[in-house]
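Notes follow the structure.
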There are 2 protein chains.
Amino acid sequence: MGKGKWVTMKDVADLANVGTITVSRVLRTPEKVSEPKRQRVQNAIAELGYVPDNTAGALSSSKSRIFGAIVSTISDSVFASTLDGLSSTLRAAGYELLLTSTGYDSDVEEDALRALLARRPDGIVLTSTSHSAGVTKLIKSLSIPAVEIWQLPSAPLDIAVGFSNFQAAYDMARHLIDSGRKNIAFVGGDGPRDARGRRRREGYLAALNAAGMPPITWSNKEQGAVSGIETGAAFFESCLNINPHTDAVMCVSDMVAVGVLCEARRRNVEVPGDLAVAGFGGFEVSMPSGLDLTTIEVPGKDIGVASAKALLDPEAARAKKVIDLGYKLVQRGTT
Amino acid sequence: MGKGKWVTMKDVADLANVGTITVSRVLRTPEKVSEPKRQRVQNAIAELGYVPDNTAGALSSSKSRIFGAIVSTISDSVFASTLDGLSSTLRAAGYELLLTSTGYDSDVEEDALRALLARRPDGIVLTSTSHSAGVTKLIKSLSIPAVEIWQLPSAPLDIAVGFSNFQAAYDMARHLIDSGRKNIAFVGGDGPRDARGRRRREGYLAALNAAGMPPITWSNKEQGAVSGIETGAAFFESCLNINPHTDAVMCVSDMVAVGVLCEARRRNVEVPGDLAVAGFGGFEVSMPSGLDLTTIEVPGKDIGVASAKALLDPEAARAKKVIDLGYKLVQRGTT
DNA sequence: TTTGATTATGGTATCGATACCATGCTTGAA
DNA sequence: TTCAAGCATGGTATCGATACCATAATCAAA
């Protein structure tokens, strides 16, 4: 049709022989327009292939119907399910999600936030919980809801949705201690940029400390990869050097645990007889068959859905301030 | 600062004692403004914490500096790296990415597209290659670049960036045939909504057909999960029933291959002696240690980067029309 | 019939930026 | 000295919608 030009509301109005405002009403509050005109307008819309311009709408109504999200990486599959939940819930309510990734670089966060704010979003989602002074100031000065997700911060900027990594790891360590394990190791979670992993490690340390057990921690920092399957496999290389009596290993993620399990099978280390293995959750929602891994199930998608609800109804969410969705320790065959 | 109100360009202009247009120029073409005024304006911006309103800018310049992307799911980690590449490249050029997921429902695609177009993007990215008539018509009528990614379509709507799943799988099958395997199975890729997996399966079938070998295909459709680790593990259950002489298995993804490998180790099936295992790639970019899996390395992130470039310079990209980034058959220890 | 309430509809200002044109000033060449 | 060219700057219209107010039409009650 139009080359380089968009059809405008005026075009529709002219064709239907009504005022532009009537077209606007047909789209937003159709019950306020009489039947015959509504029909004419709708026909005109279809005939011209009219697509409303939300940019203009946002300007005049000062409601953009966009929410912004800042994530460290999209590739991190843990976030992915959250983003899916967020995006689909918002879309169902007629909102769009503007996504920006920082690549774990906190200097970028402020830039990303500014870029986001330039679109005048109706609310924002942050996936990190420690912010620079600039970011904090910027957010505090806004009148739109800000939701921090995943790791629950001690002092939320506005609204927080997530669960406690610390507590979950603590519980998992207790589970291993209670089932009689004496030498419990922890693998991963030491990356300087991986705040969630670090909290898990801290939960583990706290539990062992409370039980009077010496911790056994390990990572392959030098290799750069701290969360892949290979980390779990490589763990065996040095594990026995540190403590040859290790009889349980908590992993910072399910992926790492899968690596440990594969390697254990290859070396004929019996699981859970010789070695208990625990993961940390939700990289694949269900893994009932095959691996039978004990893990912490994390409400990734629920976090997305709950954040969306918080953005859509900030008053209700602010009443709670912190929305803790919990986690589930799922015991299976590996412990 | 302002409660519920945003600082506008006018506010900055008043404080700096210049016209609004000068503020605009300081932000976009600073070299056209004299040194002293530029300083005054920049001070005013900093003092007021001014964040420009791109919504308004988009309206008057009819350039939104937004690109839209429609993906089936964000959770699919394969897309994730592409989205990362796309998003970061665009952001570096001052553009933003508006993301919408369809949840594999092609009815939703047209809705999603309309919602995207309502934001007047400067270009769009599509991850599926078969579109409804409505979608095709809508896109053809646009004057903005449209990039189809991953699977290369036979007749691109506008620009296509990706590689051939068919050819890659064909090559992998040839590799197995050439290395002397006689009974080669294929696992997965039969989901009605998984077009990429289907093309891989077809490539496999074509190669076996050309070699005069009967195919052995398997899937656990009934379980709903056709791409997880458990698929690979479950494969063993029925594999021997179909063909007890199976000596090679091509998997629709690396994840499935990991499942196969783990299960093989557990059952003391020697890899690659008794069974060759091949994955299909890039769910984790490098897995050098531990698993040593032969796989097809897929240029996930590059696709994102190349798409971003195509969007930013559509004329150059249109000259090529189809940008084939290829793939890499990486032979490792499992074949 | 008049009045007030209610519904349907349109006109006009406005949102916050950019585009375009006009202006005044400074130069250097004629 | 005069004029053209170039630069810095500002004024005003404009982008495409919505908000707000005004008006016309309809209907029930007085």
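Labels below follow one simple rule: chain letters A, B, ... track the order of the sequence lines, proteins then strands, and each chain is numbered from 1.
Below 30°, between 30° and 60°, or above 60°: for F67(B) and Y95(B) the angle between ring planes is below 30°, a parallel geometry.
Residues R120(B) and V51(A) meet the side-chain proximity criterion, which asks for heavy atoms closer than 4.5 Å. In this structure, S101(A) and D84(B) have side chains that are in contact, with non-hydrogen atoms separated by less than 4.5 Å.
Residue contacts for S62(B): at a heavy-atom cut-off of 4.0 Å it reaches no nucleic acid atom on any strand shown.
Between D313(A) and K309(A), none of the side-chain N atoms (NZ, or NE/NH1/NH2) sits under 4.0 Å from a carboxylate O, so this pair counts as no salt bridge.
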Check against salt bridge (Lys or Arg N to Asp or Glu O under 4.0 Å), D158(A) and R318(A):
CA-CA 7 Å; D158(A) 187 10; R318(A) 281 194 181 118; 2.8 Å; yes

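Between the side chains of E110(A) and H131(A), no donor-acceptor pair of N or O atoms lies under 3.5 Å.
Axis deviation across the helix from dT1(C)-dA30(D) to dA30(C)-dT1(D) amounts to 50°, comparing end segments of five pairs, rounded to 10 degrees.
The interatomic distance linking E35(A) (CD) with dT9(C) (P) rounds to 11 Å, in whole Å. Here dT7(C) presents its P atom at 9 Å from NZ of K32(A), a figure rounded to the nearest Å.
Separation of the Y50(A) and W6(A) ring centroids does not fall under the 6.0 Å cut-off.
Side-chain nitrogen and oxygen atoms of K37(B) include none within less than 4.0 Å of the OP1 or OP2 phosphate oxygen of dA8(D).
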Counting primed atoms plus P, OP1 and OP2 as sugar-phosphate and everything else as base, spell out the protein contacts along nucleotides 15-22 of chain D at 4.0 Å heavy-atom distance: B, S or - for each nucleotide, 5' to 3'.
BBBBB---

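For the residue pair L312(A) and A93(A), the shortest heavy atom distance occurs at CD1-CB, 3.8 Å.
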